[in-house]
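Each remark here refers to the structure printed beneath this line.
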Amino acid sequence: MKKLFLFSAVALLCLSVRAQDEAVIINGSKKISRKLTPQQVIDSLTSRFPDAHSIKYYKVPPDAASKGWTVSKEDNLTSGETVDYYTISFKRADLQYYGLFAPDGRLIRSKQEESADNLPEPVKFSIKSLGAEHPGYKVISKKYFKNIHSSTSEEYYEIIAENGNEKKSLYYRPDGTLVQIK
């Protein structure tokens, strides 16, 4: 009985951590079926990531797109209108990917979940000095998101840190420069 309880607790913890990571991307969105996803989005996904599997589809209102993704003016998201966007979650070669798509199939941003071991050295160095620059904050995850802006190929790394109950996303350039705290 104790083994069953222990196994259940570990399984719930793993699911909770996975759901927490996914909530960063799809917070405020609604899970939908492939049928309800525009064909242009499906075609774009298929052409860019032909080996994608375990695909999940989400409809994202414009205000949620800017909260769950670091969205900049260059993304050309329609503000103040009722255009929905789509987040596609999928696996590829044992890595978890997320893509934010416009209804016309344009890939706006993508995120790739990786282990902290794969971070560039300058980013690792910057994270080590996090406590000095932001007292009380600690990195809480062994994973991070590599973010890529599709039209500019701009790359940055998203690290989750917390101070008590307060969580923040820290965004670093590959050279270790902290560019945003959200």
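What you see is a predicted model; the values in this text were computed from it and never measured. Below, each value reflects all heavy atoms present in this structure, side chains not excepted, and no hydrogens, waters or symmetry copies.
The two residues Lys31 and Tyr58 have their closest heavy-atom pair at CA-CD2, 3.6 Å. The two residues Phe101 and Ser44 make their nearest non-hydrogen contact at CE2-OG, 3.4 Å. The nearest pair of heavy atoms linking Pro38 to Pro103 is CB-O, 3.7 Å. The two residues Ala132 and Pro135 come nearest to each other via the heavy atoms O-CD, 4.3 Å. The two residues Ala93 and His53 make their nearest non-hydrogen contact at N-NE2, 4.5 Å.
With a 4.5 Å cut-off on side-chain heavy atoms, Arg34 and Ile55 do not count as touching. Put simply, the side chain of Tyr171 does not reach to within 4.5 Å of the side chain of Ile181, judged on heavy atoms. Counting heavy atoms from C-beta on, the side chains of Lys111 and Glu158 come closer than 4.5 Å.
Among residues two or more places apart in sequence or in another chain, the ring pair (Phe, Tyr, Trp, His ring centres under 6.0 Å) test is passed with Phe90 by Phe49, Tyr97. Residues passing the salt bridge (charged side-chain N to carboxylate O under 4.0 Å, His left out) test with Arg173: none are found, sequence neighbours excluded. Legend: residues meeting side-chain contact (heavy atoms from CB on, under 4.5 Å) with Ser153, ordered by chain and number and at least two apart, are absent. Under the side-chain contact (heavy atoms from CB on, under 4.5 Å) criterion, Asp104 pairs with Ala102, Arg106, sequence neighbours left out. For Tyr157, the ring pair (Phe, Tyr, Trp, His ring centres under 6.0 Å) test picks out Tyr144, with sequence neighbours left out.
Under the 3.5 Å distance criterion, the side-chain polar atoms of Asn147 are matched with a main-chain donor or acceptor of Phe145.
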**Message:** Before you tell me yes or no, could you show the steps for Ile159 and Tyr172 under side-chain contact (heavy atoms from CB on, under 4.5 Å), namely the whole-Å CA-CA distance, both residues' side-chain angles and the distance that decides it to 0.1 Å?
**Reply:** CA-CA 8 Å; Ile159 315 302; Tyr172 292 91; 4.0 Å; yes

**Request:** Carefully, step by step, assess Arg109 and Glu154 under the rule side-chain contact (heavy atoms from CB on, under 4.5 Å).
**Result:** CA-CA 10 Å; Arg109 289 200 179 256; Glu154 169 194 33; 4.1 Å; yes

**Request:** Would you please test Ile88 and Val41 for side-chain contact (heavy atoms from CB on, under 4.5 Å) and show each step?
**Result:** CA-CA 9 Å; Ile88 309 296; Val41 172; 4.0 Å; yes

**Item:** Stepwise side chain to side chain donor-acceptor pair (under 3.5 Å) test for Gln180 and Tyr156
**Value:** CA-CA 10 Å; Gln180 184 178 23; Tyr156 56 92; over 6 Å; no

**Item:** Worked verdict on Lys143 versus Glu113 for salt bridge (charged side-chain N to carboxylate O under 4.0 Å, His left out)
**Value:** CA-CA 7 Å; Lys143 295 186 182 259; Glu113 186 179 296; 3.6 Å; yes

**Request:** Could you check Gln112 against Tyr98 for side-chain contact (heavy atoms from CB on, under 4.5 Å), going step by step and ending with a plain yes or no?
**Result:** CA-CA 6 Å; Gln112 175 181 328; Tyr98 302 89; over 6 Å; no

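Cluster membership for Ile160 and Leu170, using ILVMFWY side-chain heavy atoms within less than 4.5 angstrom, is not shared.
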Distance-only donor-acceptor hits, side chain of residues 119-131, under 3.5 Å, sequence neighbours excluded:
residue : atom : partner : partner atom : Å
Glu121  : OE2  : Lys124  : NZ           : 3.3
Lys124  : NZ   : Asp117  : O            : 3.1
Ser126  : OG   : Pro122  : O            : 3.2
Ser126  : OG   : Gly176  : O            : 2.6
Ser129  : OG   : Ser126  : O            : 2.9
Ser129  : OG   : Glu133  : OE2          : 3.4

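To the nearest 0.5 Å, atoms CD1 (Ile32) and OG1 (Thr37) are separated by 3.5 Å. The CG atom of Leu107 lies 9.0 Å from the CD1 atom of Ile148; values are rounded to the nearest 0.5 Å. For the atom pair OG of Ser110 and CD of Glu155, the computed distance is 9.5 Å after rounding to the nearest 0.5 Å.
A salt bridge is absent between Glu162 and Lys168; no separation between the charged side-chain nitrogens and carboxylate oxygens falls under 4.0 Å.
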